[in-house]
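Okay, so here's the structure we're looking at.
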Amino acid sequence: MGRMSDYMIDNGFGMQRWVSEVTLVCPVCNRVISKELDVPEPDYSAEKSRDMKVDDELEIECDSCGSVFDAYVWAGPAHCDITLREYENVNVSCSPPGYDRPPEDWDEYWGTPEHPVEIFDANYDELRKIIDTQATTDGASLMNRMIFAQIITFLEAYFCDNLVTGLLNHKECLLRFAAKDGAIQGDPIPAVEVLKDPEIVVKKIVRSLKEGRLYHKFGKQTDPKSQSKPKLEGVPLWYRHAFDFSLTPSEDILDELRGYAVLRHDCVHRNGETKDGEALTMFNKDYLLKALNTAKAVVQHIDENMEALDKTDEADPKINSA
């Protein structure tokens, strides 16, 4: 099998797991159930945080007696509620949801590649082969939806890896990003921590970029009836703050990414249906190739701008001097 095939099998075709630590007393045997459960990822296409909450159903199994309980779950960016269908009075305690890999594991298990574009290019080549050989003519098929989700997943990985690598390689970019990014500004670091480890600030920035951000967040799509452009947020804003260039070669392509983010959510969390229950049927081979080539164009645009940054640093070594 190829690299992508292995990745799809090992990771559920690349989906990030949004989880909560759940604790309750089994209503059958009265033993404590405590386990990590997958909960629905928030709908980040919503304009307001209160509208991001997503509902779904799940099963909770008691490891002591083997009983399985059907449950309803509501999850948002920072809150999760679970109710057992047949035991509504049972109290279910849920931790704030988050990604399944704990922060202390990032440095050990998720190294940042030195050349993110090379990884993307390798994945691009393999995805083209998969589209040619495994995609079907049915634009609503599960295989085609999986391929589409994987295109966005590999693009997300590139956005994250390139942002981290670029900031570490360009001191001026790191300083500008730290000065403009609201999340970093609002994360105080005690003086004693800085004295213990002079690199603690950079480490915390890298960790926050890897752990606490969604790289399929591109903002709202353009409203044809509005005279103003959508507010810059998410990945386009982070790249503007970090490197002072646009994420995409054009506004039209940025709008395509915004649309892809919504479709990705429907593929991953709604089994290929919109929130209104409409089946998505557009993922034929031509659509997949267009999405893949759009991702390629975005990566090429970013890589060209990163090369320009490298040349600027080479021309003026003082820029990144300590």
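Atoms CG and CD1, from Leu257 and Ile152 in turn, are 7.0 Å apart once rounded to the nearest 0.5 Å. Taken from CG in Leu237 to NZ in Lys217, the straight-line distance is 9.0 Å, to the nearest 0.5 Å. With rounding to the nearest 0.5 Å, the separation of CG in Leu142 from CD1 in Ile147 is 10.0 Å. Between the CE atom in Met306 and the CG atom in Leu163 there is a gap of 8.5 Å [rounded to 0.5 Å]. The distance from atom CZ of Phe69 to atom CG of Leu84, rounded to the nearest 0.5 Å, is 7.0 Å. Atom-to-atom distance recorded for Leu254:CG and Phe218:CZ is 8.0 Å, nearest 0.5 angstrom.
No donor-acceptor pair under 3.5 Å is formed between the side chain of Thr165 and the backbone N or O of Asn162. Although no hydrogens or angles enter the test, the distance criterion places no donor-acceptor pair under 3.5 Å between the side chain of His170 and the main chain of Ala242. Using modelled atom types, one side-chain atom of Tyr239 and one backbone atom of Phe159 make a donor-acceptor pair closer than 3.5 Å. Of the possible polar contacts, one joining the Ser141 side chain to the Asp138 backbone as a donor-acceptor pair under 3.5 Å is found. Without hydrogens or angle criteria, Asn144 side chain to Ala140 main chain gives no donor-acceptor distance under 3.5 Å. A distance-only check finds a donor-acceptor pair linking the side chain of Asn284 to the backbone of Asp286 [under 3.5 Å]. No donor-acceptor pair closer than 3.5 Å links the side chain of Ser20 to the backbone N or O of Val22.
We find that Asp121 and Lys296 are joined by a salt bridge, their nearest charged nitrogen and carboxylate oxygen being less than 4.0 Å apart. Using a cut-off of 4.0 Å between Lys/Arg side-chain N and Asp/Glu carboxylate O, Asp255 and Arg258 are scored as salt-bridged. Between Asp244 and Arg176, none of the side-chain N atoms (NZ, or NE/NH1/NH2) sits under 4.0 Å from a carboxylate O, so this pair counts as no salt bridge.
There is a path of hydrophobic side-chain contacts, each under 4.5 Å, that joins Leu24 to Val28. Linking ILVMFWY residues whenever their side-chain heavy atoms come closer than 4.5 Å, directly or via other members, places Val299 and Phe245 in the same cluster. Hydrophobic clustering (ILVMFWY, side-chain heavy atoms < 4.5 Å, transitive): Ile302 and Tyr215 are in one cluster. Grouping the Ile, Leu, Val, Met, Phe, Trp and Tyr side chains by contacts below 4.5 angstrom, directly or via other members, places Ile151 with Val117. Put simply, Leu309 and Val298 are part of the same group of oily side chains (I, L, V, M, F, W, Y) that touch within less than 4.5 Å, one to the next.
Heavy atoms from other residues, nucleotides or ligands lying under 6.0 Å from CD of Glu61 number more than 12. Within 6.0 Å of NZ in Lys35 there are more than 12 heavy atoms belonging to other residues, nucleotides or ligands. Heavy-atom contacts from other residues, nucleotides or ligands closer than 6.0 Å to CG of Asp223 number more than 12. Environment of CD in Glu273: crowded, with over 12 heavy atoms of neighbouring residues, nucleotides or ligands closer than 6.0 Å. At most 12 non-hydrogen atoms from other residues, nucleotides or ligands lie less than 6.0 angstrom from CZ of Arg31.
Residues that satisfy the side-chain contact (heavy atoms from CB on, under 4.5 Å) test with Glu88, not counting sequence neighbours, are Thr83.
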Exercise for review: Check the pair Asn293 / Arg128 against side-chain contact (heavy atoms from CB on, under 4.5 Å), numbers first and verdict last.
Suggested key: CA-CA 9 Å; Asn293 288 328; Arg128 280 200 66 105; 3.6 Å; yes
Check your understanding: Hey, mind stepping through Lys275 and Arg270 against side-chain contact (heavy atoms from CB on, under 4.5 Å) and telling me if it holds?
Key -> CA-CA 8 Å; Lys275 61 182 178 181; Arg270 296 195 179 102; 3.6 Å; yes
Check your understanding: Under the side-chain contact (heavy atoms from CB on, under 4.5 Å) criterion, do Ser250 and His301 qualify, and how do the steps go?
Key -> CA-CA 10 Å; Ser250 70; His301 164 78; over 6 Å; no
Practice item. Could you go through the side-chain contact (heavy atoms from CB on, under 4.5 Å) check for Met282 and Leu263 one step at a time? Key: CA-CA 10 Å; Met282 75 282 288; Leu263 293 175; 4.1 Å; yes
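Arg240 is not listed as a side-chain neighbour of Lys180, based on a closest heavy-atom distance of 4.5 Å or more. No side-chain heavy atom of Val73 sits under 4.5 Å from any side-chain heavy atom of Glu57. Under the 4.5 Å side-chain criterion, counting only non-hydrogen atoms from C-beta, Pro27 is not in contact with Glu86. Tyr158 is not listed as a side-chain neighbour of Asn123, based on a closest heavy-atom distance of 4.5 Å or more. A heavy-atom distance below 4.5 Å is found between the side chains of Thr274 and Leu280. A heavy-atom distance below 4.5 Å is found between the side chains of Cys26 and Cys65.
Between Trp74 and Tyr72, the ring planes are tilted. Angles from 30° to 60° get that label. Under the 30°/60° scheme for interplanar angles, the aromatic rings of His269 and His265 are found to be tilted.
Between Cys173 and Phe243, the shortest heavy-atom distance links the atoms SG-CD2, 3.8 Å. Here the shortest heavy-atom pairing between Trp18 and Gly76 reads NE1-O, 3.7 Å. Here the closest heavy-atom approach between residue Ala71 and residue Ile60 is recorded as CB-CD1, 4.3 Å. Scanning both residues, Arg213 and Ile184, for their nearest heavy atoms gives NH2-CG1, 4.0 Å.
The six-membered or imidazole ring of Tyr260 lies near that of Phe148, with a centre-to-centre distance under 6.0 Å.
Evaluated for a side-chain contact (heavy atoms from CB on, under 4.5 Å) with Arg264, the options His216, Gln150, Arg145 yield exactly one hit, His216.
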